[in-house]
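Residue indices begin at 1 and follow the sequence shown. We count ligands from 1, going down the list as the structure has it; atoms in each ligand are counted the same way. Not measured: the values here are computed from a predicted model.
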Amino acid sequence: MAEVGIDGMEIRTGKLQLDLAETFAPAQGDDPEKYTKGLGLFTSSFPDVYEDIVTMAANASRRLLDRKDISLEDIGRIDVATESAFDKSKPVSTYVAGCLEQVFEGDLHHANKGERKFACVAGTQALDDAYNWIRAGRNRGRKALVIATDTALYARDDAGEATQGAGAVAMVVDENPDLVTFSDQQGFGSADETDFLKPNQQFPSVDGKRSMQVYLARMREAMEDFERNGGDTHPDNFALIPFHTPFPGMVRRAAALGFRHCIRGNEVEEEVAEEIGRQPRQEEFDSHEAYLDAQKEYTETLTETDQYTDWYKQTIEPTLAISRYVGNWYTGSVHIARAAGMQEALDEGRDLTGKQLLIGSYGSGAQAEIHAETIQSGWEDEISQLNIDEQMEQRRDISFAEYERIHDAHNHDENREMDPLTTPDNEFVFDGWGRMGERKYTYVE
Ligand code: CAA
């Protein structure tokens with residue numbers, strides 16, 4: 001059976017940029033280093049007034065289909081993953097299809113369309129659905145278009161406001177793909193949690209500190225499940241490990257715990273033991289609390305060893321390169337981490353063909369998923385065609401007053417009118433409301 005995976009991807013960022021250290025921190029009365037050092041974020045992306053989850057998704061998809069010379073009839077399935085949907089019935093994928101039909105020949109009437117929801121892990125779930133559809137032989141030679149798109153906005157003055165972002169990732173899933181193939185082994189860590197949710201509201205209710213603990217707990221469960229399913233987790237066997245990145249500081253923590261878990265009992269633990277001793281074992285302690293304290297102390301010391309810092313620099317740090325400048329994109333976040341890591345590897349001349357990625361996805365509510373991917377020989381061509389760096393460069397920097405207005409303009413309860421801050425150029429734009437309250441879109445040359 002043919003291998004299945006991601007054949008190509010495109011990334012679209014919101015066209016506005018808020019500088020967290022220079023603009024946001026002073027207005028909030030915060031030390032800029034809380035953002036740059038603590039959270040690991042420098043700027044965030046925001047949508048202009050004519051941008052939303054549909055325009056960003058459609059603009060990314062249009063470039064992807066153009067670049068890969070894919071016609072609408074080649075697409076058998078469109079799944080959009082989002083936690084920013086504005087309609088409880090009509091899926092975002094129908095709006096995206098409507099946009100694509102405006103600019104490409106043919107139509108998408110025979111493509112199965114849907115919407116995937118499980119907070120940020122839904123993008124990975126949609127890839128999974130596409131993979132299963134193709135592996136089941138139901139695709140009739142056609143490809144799946146999978147899109148992760150979000151405007152990750154928080155209520156003003158919520159602690160999460162610092163981690164906002166907006167953007168879309170469009171991916172084509174196909175047989176014999178150019179970019180990566182997926183492993184059959186998967187691990188899940190899933191539990192009924194109330195750490196971050198949007199019960200019929202636009203902006204999330206968040207228990208920020210708890211959400212971080214839940215992320216780590218579910219990720220550990222997923223790792224154990226992956227190992228039980230025969231998945232390899234030796235840290236040296238992966239060229240890159242892209243994690244869901246709500247902010248880089250979260251990944252810094254996950255990486256430390258993940259490394260500790262994955263070296264337990266192997267030669268890396270023995271090697272570092274000469275310097276810092278072996279990992280604490282539960283049976284050596286009278287209480288669970290004492291064991292946890294010892295583990296915490298060991299982990300802190302572990303992150304200072306050469307073995308850890310070299311591994312982190314090569315495997316984790318490159319995956320954060322885009323996220324630091326765009327913020328959280330929820331469903332798209334782990335997919336920009338994959339792209340960032342591969343882009344950095346390309347710049348450094350690393351040869352990734354045949355190498356493995358370990359992907360750690362996560363969604364609040366809560367579920368983590370872990371699987372491996374094998375990088376394909378077309379990866380350099382694919383990654384070199386991404387234009388996300390140029391898009392980030394071209395974003396318009398906004399003042400704090402403009403930020404306040406744009407936040408209100410995207411707030412469904414406020415819906416304030418404001419003039420756009422940028423000029424549309426060869427792209428889909430939100431163009432007002434239809435008679436049944438639907439959002440309307442046009443392509444602007
Ligand atoms: N210099 C250097 N570092 C500083 C600093 C300074 N002057 N001031 C603060 N810091 C550090 C803090 O020590 C902290 O780092 P550590 O956690 O490593 O100690 C970091 O900066 C953040 O500071 P605070 O903890 O004080 O920040 P906060 O309380 O304002 O909020 C947050 C942090 C809870 C993550 C908040 O941003 C939030 O609620 N975010 C939304 C929820 C979220 O992203 N959760 C992540 C897991 S859930 C998930 O992944 C799903 C998803 O996408 C939402």
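For atom 39 (O) of ligand 1, the nearest non-hydrogen atom of the protein is Gly208 CA, 3.4 Å. Of all protein heavy atoms, the one closest to atom 40 (N) of ligand 1 is Gly160 CA, 3.5 Å. The nearest heavy-atom contact from the protein to atom 2 (C) of ligand 1 is Glu33 O, 3.5 Å. Closest to atom 5 (C) of ligand 1 among all protein heavy atoms lies Lys34 CA, 3.5 Å. Of all protein heavy atoms, the one lying nearest to atom 21 (O) of ligand 1 is Gly38 CA, 3.1 Å. Remark: minimum distance from atom 37 (O) of ligand 1 to any protein heavy atom is reached at Ala159 O, 3.2 Å. Taking atom 29 (O) of ligand 1 as the reference point, the nearest protein heavy-atom neighbour is Lys209 NZ, 3.2 Å. Of the protein's non-hydrogen atoms, Tyr362 CE2, 3.6 Å is the one closest to atom 49 (C) of ligand 1.
For ligand 1, the polar-atom distance check finds no N/O of Tyr330 at less than 3.5 Å from any of the ligand's N/O atoms. Residue Ser211 has at least one N or O atom closer than 3.5 Å to an N or O atom of ligand 1. The distance criterion of under 3.5 Å between nitrogen or oxygen atoms is not met by Asp195 with respect to ligand 1. For ligand 1, one of its N or O atoms has an N or O atom of Asp31 under 3.5 Å away.
Listed by number with element, the atoms of ligand 1 under 4.0 angstrom from any heavy atom of Arg252 are 18 (O). Close approach of ligand 1 to Val206 is summarised as follows: ligand atoms under 4.0 Å from at least one heavy atom of the residue are 42 (C). Atoms of ligand 1 lying under 4.0 Å from at least one heavy atom of Phe196, given by number and element, are 54 (C). In the vicinity of Thr163, heavy-atom distances shorter than 4.0 Å reach the ligand 1 atoms 37 (O). Which parts of ligand 1 touch Tyr215 is read off a 4.0 Å heavy-atom cut-off, strictly below it: atoms 50 (O). The contact set between ligand 1 and Phe247, taken as ligand atoms under 4.0 Å from a residue heavy atom, comprises 35 (C), 44 (O), 46 (C).
For the ligand labelled ligand 1, residue Tyr154 lies inside the 4.0 Å heavy-atom shell. The closest approach between any non-hydrogen atom of Glu161 and ligand 1 is not below 4.0 Å. Residue Cys120 places a heavy atom less than 4.0 Å from ligand 1. Ser364 counts as a contact of ligand 1, since one of its heavy atoms falls under 4.0 Å from the ligand.
Between the choices Arg218, Arg253, His244, Glu193, the shortest heavy-atom distance to atom 53 (O) of ligand 1 belongs to His244.
Counting only N and O atoms by type, the side chains of Gln28 and Tyr35 include no donor and acceptor under 3.5 Å apart. Defined by atom type and a distance below 3.5 Å, a donor-acceptor pair is missing between the side-chain atoms of Arg218 and Ser190. Between Glu267 and His234, the side chains place a donor N or O and an acceptor N or O closer than 3.5 Å (distance only, hydrogens not considered). Side-chain contact, Glu271 with Gln307: a donor N or O sits under 3.5 Å from an acceptor N or O.
Under the side chain to side chain donor-acceptor pair (under 3.5 Å) test applied with Tyr441, the options Asp52, Thr55, Asp431 reduce to a single match, Asp52.
In terms of heavy-atom proximity, Leu346 sits nearest to Ile383 at CD2-CG2, 4.0 Å. Here the shortest heavy-atom pairing between Ile322 and Ala340 reads CG1-CB, 3.6 Å.
When ring centroids are compared, Phe42 and Tyr325 come within the 6.0 Å threshold. For Tyr330 and Phe196, the distance between ring centers is under 6.0 angstrom.
In this pair, His371 and Phe182 present their aromatic rings perpendicular. The plane angle is above 60°, beyond the 30 to 60° band.
Taking a cutoff of 4.0 Å between a charged side-chain nitrogen and a carboxylate oxygen, Lys68 and Asp178 qualify as a salt bridge. Salt bridge status for Arg63 with Glu10: present, with a side-chain N to carboxylate O gap under 4.0 Å. Salt-bridge annotation for Glu224 and Arg220: present, with a side-chain N of the basic residue lying under 4.0 Å from a carboxylate O of the acidic one. For the pair Glu269 and Arg260, the salt-bridge criterion is not met [side-chain N within less than 4.0 Å of a carboxylate O].
Shown here, atom 35 (C) of ligand 1 is in close reach of the protein: a heavy atom of it lies under 4.0 Å off. Within 4.0 Å of atom 12 (C) of ligand 1, not a single protein heavy atom is present.
Counting only heavy atoms from C-beta outward, the side chains of His335 and Thr124 approach each other to under 4.5 Å.
Residue contacts with ligand 1, taken as heavy atom pairs separated by less than 4.0 Å, involve Asn328 solely via side-chain atoms from C-beta onward.
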